[in-house]
Amino acid sequence: MNQDYIQPNEWSIIEEGFDPKRVKSSESLFSIGNGAMGQRANFEENYSGKTFQGSYIAGVYYPDKTRVGWWKNGYPEYFAKVLNAPNWIGIDIKINDETLDLHTCKEVSKFKRELNMKEGWLARSFEAVLQNNIKISVHIKRFLSLELDEIGAIHYQIKPISGDATITFSPYLDASITNEDTNWADQFWDVLTIDQNKKQSFIVAKTMKTNFHTCTFMQSKVFVDGAEVLMDAANSSSEKTASSSYQQNIRKNQIFAIQKFGGYIVDRNHQKDALIEAAKEVLDKAVSFGFDSLLEMQKQSWAKIWEMADITITGDVKAQQGIRFNIFQLNQTYLGTDASLNIGPKGFTGEKYGGSTYWDTEAYCIPFYMATKDQSVARKLLEYRYKHLEKAIENAQKLGFKNGAALYPMVTMNGEECHNEWEITFEEIHRNGAIAFAIFNYHRYTNDYSYIPEKGLEVLIGIARFWHQRATFSSDKNKFVILGVTGPNEYENNVNNNFYTNYIAKWCINYALENIKIVKNDHISDYLRIKEKTAISDSELAAWKNVADLMYFPYSEKHQVYLQQDGFLDKELITVAALDKSQRPINQKWSWDRILRSPYIKQADTLQGFYFFEDDFSTEELARHFDFYEPFTVHESSLSPCVHSIQASKLNRMEQAYTFYLRTSRLDLDDYNHEVEEGLHITSMAGTWMSIVEGFGGMRIKNNMLSFEPKIPKQWNSYSFKVNFRNTIVKINVQQNGTHFTVDGNEEVTILVNEKPVKVTPNNLVTV
């Protein structure tokens, strides 16, 4: 770990003491969101120290033109930027004409910041001595409403404690923001209108190129000792800002407070020419509820989420805090209410990576959303990819593929590839397999086959066509090979016959063939529609099968393992344990050339195949491959520790599984990869959930039934979780001396526990 200042707490993330060196890290860790928008935990008042200001609107992006030294044919023209949106949280504050700025204060004491995950709010408090020697006590609370997801609210109060003071609150909107990461320093926003009245302010702006129209808005109220003070604000504006000003003489120990309501209206949900009217409507609604009522609604909304999604751990506060932090951030990022949205790798916490969709969604996030929400949420994520199928076919066409072959993008906002690192964009093609695997995983878990004939089979056909065309027949090996790829281990580029890529290609083809047969037999009208649309033929299907049947997999007889790729054994096989700690992380200490020549693995690669397709391999084979590859794995991908934790649990190596669990659950809290100030690792947080549910809980689908093989780390007294399995809520409580099962509702369910059937009836506790 690289930091240890977050206080252990089961339900809150707490920081005590002000340290300017931690500001950017804390801005990430204390981020808030509601699925429609989000923001880093920037201070509301002015801060002149190092900070990363960030506010983001779901689905709003900018196509930043690709910048490379040498343009290669087929290169994506742009890299989609998650846009830093106009800032509505700002409140300039003056105490006797001195600006409140923690970076310039003479003294800051009793500083505390809390992200309350149970109730969904962010709070901060401190005492400060300004340059003019006025001492004040400050308390702030802020949240983004789940109930009214276009609105957020701030309560900011100041108490002068050294004497009387004249305090000025100047809440503002600022559209002069820029992104931290830009290729050409383009102007991303064009301000169209600034409108103000006695109570409200609005900035209507549009994004350049993509032409998303937004309205950023605010309305404020001020209070003295809890009683509202009715006063007209002194308004002012510039080309890109709008502000109001409220001034009051405050006696020593009186409390002057402002409540600010703000947010975004977007033309994704409203008419372009009616954004201000829509903003007025949501402001009127929010102000009529008031801060306290909105906060109470927020608590109730989060209570409903936690009722289903919570995982409880007793006996290990840091482990408990870690899993709740992960679950909380996942729900802040995506709630499944909008089928046009997806789960970005940084969510609303930063700008790195760009794009809103990676293969992380299908590989890691869908299981979480299937089990903790209604299955319709997971289906929306599948439909998101179906809507992008034509773009995936276009992506493949740009690279020379034909006949409806589909290559889903590594990174995308609208289905078009927008990632511009050659070795990732054009070589890391295994992401196609994750799209297909998610369809399989959804059907396996929900037993809802309807998606496949309605939409999913078209996706599977496009993917199978891609793999058929991407494979090359080797007359030397008398096998089909796949050349020039990057597997999940991005510390190996342009390799031949990556085991995971070849294996998932073979699986995708066979899975497509299997479902073509099922749909032809059981859903004839859908089959005829799809056959006409895709023009599949028996001869084409036979050619696919030939590729799958003759797929090549590199194997070492000496080590009795599949090789990560051709030539892996040519490397100097020095394990991670022999690396000097000063050389870690290697992605920040080594040249790329040195990394590529090393045996070091960024994340599960061959083992990713063993995770997805564990039924194809024996436990003994898993153990051999785990023992061979894990010692070379540096776990410098956020997606790495969770898979290894799950597999260590399956192998009953509980100490190792627990260590990996702590690393995945506290990856950001403890800043393992020394990069948390750039934002959180949202999509890997679903892997943390899996490391408990699939790892320690051993949850699988076997024989079309829910199956568990529960284990528990020695550090825990117990843990419990719920899963929504085919509209039946099953609760599992694992203790050191046994496991308890209950079901909600009126239907009994038969589950497998350690491979034996157990019947669980409503309102009855079953102990195994």
Side-chain angles (χ1 to χ4, degrees), residues 35-36 58-59 149 268 304-305 308-309 327 330-331 333-344 356-392 406 408-409 412-415 431-463 508 511-512 514-516 518-519 522-523 525-527 529-530 612 682-683 686 689-690 693-694 699-701 704 706 722-730 745:
D149 65 7
R268 293 177 61 254
K304 188 178 295 184
I305 290 172
M308 184 63 220
I327 294 169
L330 282 163
N331 279 283
T333 303
Y334 182 80
L335 291 164
T337 56
D338 188 336
S340 66
L341 299 177
N342 211 285
I343 306 114
S356 67
T357 315
Y358 281 58
W359 68 290
D360 308 16
T361 291
E362 283 73 26
Y364 296 88
C365 297
I366 279 182
F368 169 80
Y369 287 100
M370 280 195 300
T372 65
K373 299 192 183 299
D374 186 273
Q375 70 183 46
S376 65
V377 174
R379 184 165 174 141
K380 281 189 179 77
L381 292 170
L382 297 184
E383 289 172 350
Y384 179 93
R385 293 294 194 178
Y386 175 74
K387 291 176 182 176
H388 289 171
L389 177 58
E390 290 305 314
K391 286 287 188 184
Y408 276 91
T412 192
M413 282 289 194
N414 63 358
R431 73 244 189 184
N432 246 18
I435 310 300
F437 185 82
I439 296 172
F440 160 76
N441 208 11
Y442 173 81
H443 172 234
R444 173 174 64 173
Y445 187 84
T446 67
N447 207 33
D448 171 21
Y449 191 77
S450 66
Y451 176 76
I452 294 176
E454 290 174 13
K455 297 174 180 175
L457 185 56
E458 294 175 49
V459 173
L460 296 176
I461 289 170
I463 289 173
C508 285
Y511 186 59
E514 173 190 332
N515 282 281
I516 288 170
I518 293 171
V519 173
D522 300 341
H523 305 270
S525 62
D526 286 304
Y527 173 76
R529 170 182 56 81
I530 293 167
F612 271 173
I682 300 298
T683 47
W689 178 89
M690 292 192 301
V693 175
E694 297 182 5
M699 188 182 83
R700 302 289 191 276
I701 308 301
N704 204 31
L706 198 60
K722 291 181 180 179
V723 294
N724 182 353
F725 180 67
R726 302 177 182 178
N727 299 316
T728 297
I729 309 300
V730 181

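The first residue of the sequence shown is numbered 1, and numbering continues consecutively from there.
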**Q** Under the salt bridge (charged side-chain N to carboxylate O under 4.0 Å, His left out) test, which residues partner R700, sequence neighbours left out?
**A**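 Scan of R700 (salt bridge (charged side-chain N to carboxylate O under 4.0 Å, His left out), adjacent residues dropped) gives E614.
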
**Q** Show the nearest heavy-atom pair for residues H443 and I452, with the distance to one decimal.
**A**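 In terms of heavy atoms, the two residues are closest at CB-CD1, 4.4 Å.
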
**Q** What distance do N441 atom CG and I439 atom CD1 have between them, rounded to the nearest 0.5 Å?
**A**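 N441 CG to I439 CD1: 11.0 Å, rounded to 0.5 Å.
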
**Q** Using the ring pair (Phe, Tyr, Trp, His ring centres under 6.0 Å) rule, pick out the option among F612, W359, Y364 that qualifies with F437.
**A** F612

**Q** By ring-ring contact (aromatic ring centres under 6.0 Å, His included), which residues pair with Y511, not counting sequence neighbours?
**A**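 Listed in chain order: F440, W507.
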
**Q** The criterion is side-chain hydrogen bond (donor to acceptor under 3.5 Å, both in side chains); which residues satisfy it with T361, sequence neighbours excluded?
**A**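 Counting only residues at least two positions away or on another chain, T361 forms a side-chain hydrogen bond (donor to acceptor under 3.5 Å, both in side chains) with N342.
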
**Q** Keeping to residues at least two apart or across chains, list the salt bridge (Lys or Arg N to Asp or Glu O under 4.0 Å) pairs with something in residues 435-448.
**A** R379-D448

**Q** Give a yes or no on whether a salt bridge exists between K380 and D338, defined as a side-chain N under 4.0 angstrom from a carboxylate O.
**A**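 Salt bridge: no.
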
**Q** Which residues pass the side-chain hydrogen bond (donor to acceptor under 3.5 Å, both in side chains) test with E458, not counting sequence neighbours?
**A**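 Y386, R529, K533.
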
**Q** Which heavy atom of N432 sits nearest a heavy atom of I463, and at what distance?
**A**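 Taking every non-hydrogen atom into account, O-CD1, 3.4 Å.
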
**Q** I'd like to check the side-chain contact (heavy atoms from CB on, under 4.5 Å) partners of H523; sequence neighbours left out, ordered by chain and number.
**A** Y449, P453, V519, D526

**Q** Compare every heavy atom of C508 with every heavy atom of G433, then report the nearest pair and how far apart it is.
**A** CA-SG, 3.6 Å

**Q** For the residue pair R268 and A58, what are the closest heavy atoms and their distance?
**A**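 That would be NH1-O, 3.6 Å.
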
**Q** Using the test ring-ring contact (aromatic ring centres under 6.0 Å, His included), find all partners of Y442 that sit at least two apart in sequence or belong to another chain.
**A**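 Scan of Y442 (ring-ring contact (aromatic ring centres under 6.0 Å, His included), adjacent residues dropped) gives none.
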
**Q** List the residues meeting salt bridge (charged side-chain N to carboxylate O under 4.0 Å, His left out) with K722, not counting sequence neighbours, and say none if there are none.
**A** E307

**Q** Do R726 side-chain atoms and Y445 backbone N/O form a donor-acceptor pair below 3.5 Å?
**A** yes

**Q** Please check if any side-chain donor atom of Y384 sits under 3.5 Å from a side-chain acceptor atom of T357, or the reverse.
**A** yes

**Q** Apply salt bridge (charged side-chain N to carboxylate O under 4.0 Å, His left out) to E362 and list each qualifying residue two or more places apart in sequence or on a separate chain.
**A**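 Scan of E362 (salt bridge (charged side-chain N to carboxylate O under 4.0 Å, His left out), adjacent residues dropped) gives R385.
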
**Q** Y369: what forms a side-chain hydrogen bond (donor to acceptor under 3.5 Å, both in side chains) with it, not counting sequence neighbours?
**A**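 side-chain hydrogen bond (donor to acceptor under 3.5 Å, both in side chains) check on Y369 returns nothing, list empty.
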
**Q** For a quick test of reading the model, state the closest non-hydrogen atom pair linking A436 to L460 and the distance between them.
**A**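 For A436 and L460, the tightest heavy-atom pair comes out as CB-CD2, 3.6 Å.
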
**Q** With sequence neighbours left out, write down each residue that passes salt bridge (charged side-chain N to carboxylate O under 4.0 Å, His left out) with K373, or none if nothing qualifies.
**A**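 So K373 forms no salt bridge (charged side-chain N to carboxylate O under 4.0 Å, His left out) with any residue.
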
**Q** Check N414 against T412 and note the closest heavy-atom contact, atom names and distance.
**A** N-OG1, 3.3 Å

**Q** Who are the side-chain hydrogen bond (donor to acceptor under 3.5 Å, both in side chains) partners of N727, not counting sequence neighbours?
**A** none

